[in-house]
Amino acid sequence: LDDETVDTIEDELQTVFDYDPRVILLELDLAPDFATNTLTVGASLQYVELNTVDLFDFNIEFEGAQ
């Protein structure tokens, strides 16, 4: 896990949310933990049909050491 990987993942997630007509991305937060090779992602999404806002949180764990 490095800064370039984090930037790439952020760009890809932004693209996915931008092309999904069911949601509007309100906020996207990425928190890398380089010591454990883990990236925590938090997205605040407005669901268009439901007119509600919810958080979508997940972790990405990378194998291997730096």
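All residue numbers refer to positions in the sequence shown, counting from 1.
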Do D2 and T5 get their side chains close enough for a donor-acceptor pair, meaning under 3.5 Å?
yes

Over all atoms of both residues, closest heavy-atom pair of L25 and A43:
CD1-CB, 4.1 Å

Pairs where residues 37-57 contributes a residue and the test ring pair (Phe, Tyr, Trp, His ring centres under 6.0 Å) is met, not counting sequence neighbours:
F56-F58

Would L55 and F17 show up in the same hydrophobic cluster when neighbours are defined by side-chain heavy atoms closer than 4.5 Å?
no

Applying side-chain hydrogen bond (donor to acceptor under 3.5 Å, both in side chains), can you list everything that pairs with Q46, at least two apart in sequence or on another chain?
N51

Tell me, which pairs form a side-chain hydrogen bond (donor to acceptor under 3.5 Å, both in side chains) where one or both residues lie in residues 24-34, sequence neighbours left out?
D33-T36

Could you check if a side-chain atom of I60 sits within less than 4.5 angstrom of a side-chain atom of T38, using non-hydrogen atoms only?
no

Provide the full list of side-chain hydrogen bond (donor to acceptor under 3.5 Å, both in side chains) pairs with a residue in residues 52-62, sequence neighbours left out, each pair given once.
T40-N59

Given side chains that start at C-beta, do those of L1 and V6 come closer than 4.5 Å, heavy atoms only?
yes

Applying side-chain contact (heavy atoms from CB on, under 4.5 Å), can you list everything that pairs with Y19, at least two apart in sequence or on another chain?
T15

Are the side chains of V23 and V48 in touch, meaning some heavy atoms are under 4.5 Å apart?
no

Contact list for residues 14-25, test salt bridge (Lys or Arg N to Asp or Glu O under 4.0 Å), sequence neighbours left out
D20-R22

Is L28 linked to I24 within one hydrophobic cluster, defined over Ile, Leu, Val, Met, Phe, Trp and Tyr using a side-chain heavy-atom separation of less than 4.5 Å?
no

